[in-house]
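Please read through the structure below; I'll follow up with questions.
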Amino acid sequence: THTHTHIHTKKPNQKTLKDFLILRKNKTHSHQQDLLIEIFLKFLHKFKNSLTHKPKMSSAQSEKQTLFIASLIIFWYSSNIGVLLLNKLLLSNYGFSFPIFLTMCHMSACAVLSYVSIVFLKIVPFQRIKSRSQFLRIATLSIVFCGSVVGGNISLRYLPVSFNQAVGATTPFFTALFAYLITQKREAWITYGCLVPVVAGVVIASGGEPSFHLYGFIMCIGATAARAFKSVLQGVLLSNEGEKLNSMNLLLYMSPIAVLVLLPATLVMEPNVIDATITLAITHRYLVLLILINSIMAYGANLLNFLVTKHTSALTLQVLGNAKGAVAVVISILLFRNPVTFIGIAGYAMTVMGVVAYGESKRRIK
């Protein structure tokens, strides 16, 4: 009887344990299912929220944005081309033959207006110089920058704007050259191949230029090379993340240094600038006003270049930059009526097409 009872009582215990394990397994399984369902529902809820609460840009806002970018581009074109044409007008037509002094006026305006717009108007956050070595690197960039602007202004005394722009379009060639020499950076062969028409175009344009002037041409090539050298140097000298400055802060520090470099250069190389300016101002009553407007526009061109870069893509900027040169050429020919030849136009067109192809090949290889 005892044995029977023992067996009888053992069975229900075994069954209970088995039931408990099945129940536990089912509970765990159902808990996992619940958890998965809960996660999925949360995801759906978040996804739904992201669709419903996504800040949709209304058609009015979209129109405003388009209008704002279009206005920026128009002002950018106006300031860039305006500075170029005013430089030409002052240096050639007005007989104001002081390119170093004119550059110093530009840099003085950039120094004052950069300070006002960054420190008081807070257009961009103010970035401090962190070390003596960073300051020396900015000073080096400033001297190269000075050289490029002065060279460009000297060339405008002797060359028409159209030819000046054709030579200036070869900047990518010098940028690729300096990038290879300084940083050993190599491009694909197809990219280098695109630079052949860039250089060939300028050679053709030079042969077909009725107003060709060797000294002006050398100065223009020098200015273009210095501009390219500055962009490569900037990438090398300010490559440290902690020391990178945006273009407006860089201008804030570079322009006062440029003024300090240009002041002695003006006194030595253009000693009679003040007397000549007073004499010219008596003959041309708007001369001083034109120099002032020109200097403010030089700052405006830098500011708008920064804003257009910020609000558009790199490709848009590249296309706009190429078109800007062509627009400047057309306006200058209409305004100054300088003679142009078919060979000159063909050479410039070849250069621009080479620059476009170069930019496109770089973008595709990236």
Checklist entry - Looking at CG of L251 and CZ of F306, how far apart are the two atoms once the value is rounded to the nearest 0.5 Å? => result 11.0 Å
Checklist entry - Would a hydrophobic clustering, with Ile, Leu, Val, Met, Phe, Trp and Tyr connected at side-chain separations under 4.5 Å, put L159 with V340? => result no
Checklist entry - T351 side chain to V202 main-chain N or O, any donor-acceptor pair under 3.5 Å? => result yes
Checklist entry - Rounded to the nearest 0.5 Å, how far apart are CZ of F96 and CZ of R157? => result 11.0 Å
Next on the checklist: Y94 vs L280, test: side chain to side chain contact (heavy atoms under 4.5 Å, CB included). Steps then yes/no.
Outcome noted: CA-CA 8 Å; Y94 269 68; L280 280 168; 5.8 Å; no
Checklist entry - Are F229 and I182 side-chain neighbours, meaning at least one heavy-atom pair lies under 4.5 Å? => result yes
Checklist entry - Do N294 and V83 have side chains that get closer than 4.5 Å, going by heavy atoms? => result yes
Next on the checklist: Out of the candidates M254, R137, M107, only one should pair with S142 under the side chain to side chain contact (heavy atoms under 4.5 Å, CB included) rule; please name it.
Outcome noted: M254
Checklist entry - Of all heavy-atom pairs between C146 and A258, which one has the smallest distance, and what is that distance? => result SG-CB, 3.4 Å
Checklist entry - Just by modelled atom types, is the G216 backbone N or O under 3.5 Å from a matching donor or acceptor in the H213 side chain? => result yes
Next on the checklist: Side-chain heavy atoms nearer than 4.5 Å, only ILVMFWY residues, links allowed to pass through others: does that put V319 and Y348 together?
Outcome noted: no
Checklist entry - Going by heavy atoms in the side chains, are L181 and V232 under 4.5 Å from each other? => result no
Checklist entry - Are the side chain of E187 and the backbone N or O of A176 linked by a donor-acceptor pair below 3.5 Å? => result no
Next on the checklist: Between L238 and L250, does the side chain to side chain contact (heavy atoms under 4.5 Å, CB included) criterion hold? Intermediate values first, please.
Outcome noted: CA-CA 10 Å; L238 302 177; L250 191 59; 3.7 Å; yes
Item to check | Short side-chain donor-acceptor distance under 3.5 Å, S117 and Y299 | outcome: yes
Item to check | Side-chain (Q165) to main-chain (A328) donor-acceptor, under 3.5 angstrom | outcome: no
Next on the checklist: With rounding to the nearest 0.5 angstrom, report the OG to CD1 distance, S295 to I293.
Outcome noted: 10.0 Å
Item to check | Spacing of CE belonging to M219 relative to CG belonging to L214, to within rounding of 0.5 Å | outcome: 10.5 Å
Checklist entry - Does a side-chain heavy-atom distance below 4.5 Å link I274 with I278? => result yes
Checklist entry - For the atom pair CG (N153) and NZ (K88), what is the distance rounded to the nearest 0.5 Å? => result 11.5 Å
Next on the checklist: For the CD1 atom on I190, are there more than 12 heavy atoms of other groups (residues, nucleotides or ligands in this structure) within a distance under 6.0 Å?
Outcome noted: no
Checklist entry - Do the side chains of F126 and F135 join up, straight or via other hydrophobic residues, at under 4.5 Å, putting them in one cluster? => result yes
Next on the checklist: Tell me whether L72 at atom CG has more than 12 heavy atoms from other residues, nucleotides or ligands lying less than 6.0 Å away.
Outcome noted: yes
Checklist outcome for this item: In this structure, SG of C110 is separated from CD1 of I296 (nearest 0.5 Å) by 10.5 Å
Checklist entry - Among the clusters formed by ILVMFWY side chains lying less than 4.5 Å apart, do I365 and V196 turn up in the same one? => result no
Next on the checklist: Please determine whether side-chain hydrogen bond (donor to acceptor under 3.5 Å, both in side chains) holds for the pair N338 and S162, giving the CA-CA distance in whole Å, both sets of side-chain angles, and the decisive distance to 0.1 Å.
Outcome noted: CA-CA 9 Å; N338 57 286; S162 52; 3.1 Å; yes
Checklist entry - Side chains of N249 and N246: do they bring a donor and an acceptor to under 3.5 Å? => result yes
Checklist entry - Donor-acceptor pair, K324 side chain versus Y77 backbone, under 3.5 Å? => result no
Next on the checklist: Can a donor-acceptor pair be found, under 3.5 Å and without considering hydrogens, that links the side chain of T170 to the backbone of A166?
Outcome noted: no
Item to check | Over all atoms of both residues, closest heavy-atom pair of F101 and E270 | outcome: N-OE1, 2.9 Å
Next on the checklist: Run the side chain to side chain contact (heavy atoms under 4.5 Å, CB included) test on L141 and K230 for me, step by step, so that the C-alpha distance in whole Å, both residues' side-chain angles and the decisive distance to 0.1 Å come before the verdict.
Outcome noted: CA-CA 6 Å; L141 280 178; K230 185 219 159 218; 4.1 Å; yes
Checklist entry - Do the rings of F163 and F212 sit parallel, tilted or perpendicular, given the 30° and 60° boundaries? => result perpendicular
Item to check | Pairwise side-chain contact, L85 with S332, heavy-atom cut-off 4.5 Å (strictly under) | outcome: yes
Item to check | Residue pair S247 / N305, side-chain donor-acceptor N/O under 3.5 Å | outcome: no
Next on the checklist: The test is side chain to side chain contact (heavy atoms under 4.5 Å, CB included); show your working for I154 and Y215 and say whether it passes.
Outcome noted: CA-CA 9 Å; I154 291 172; Y215 178 65; 3.8 Å; yes
Checklist entry - Taking the side chain as C-beta and beyond, is there a heavy-atom pair between F98 and N272 under 4.5 Å? => result yes
Next on the checklist: Parallel, tilted or perpendicular, judged at 30° and 60°: which one describes the rings of H311 and F68?
Outcome noted: perpendicular
Item to check | Hydrophobic cluster membership, L233 vs F145, 4.5 Å side-chain cutoff | outcome: yes
Checklist entry - Do you know which two heavy atoms are closest between A228 and F174, and how far apart they sit? => result CB-CB, 3.5 Å
Checklist outcome for this item: Between V273 and T277, the two heavy atoms sitting closest are O-OG1, 2.6 Å
Checklist outcome for this item: Of all heavy-atom pairs linking T266 and M104, the shortest is OG1-SD, 4.0 Å
Checklist entry - So do L237 and I138 actually touch side chain to side chain, heavy atoms under 4.5 Å? => result no
Checklist entry - Side chains of S206 and F217: closer than 4.5 Å at any heavy-atom pair? => result yes
Checklist entry - Which atom names give the shortest non-hydrogen contact between S62 and T66, and what distance separates them? => result O-OG1, 2.8 Å
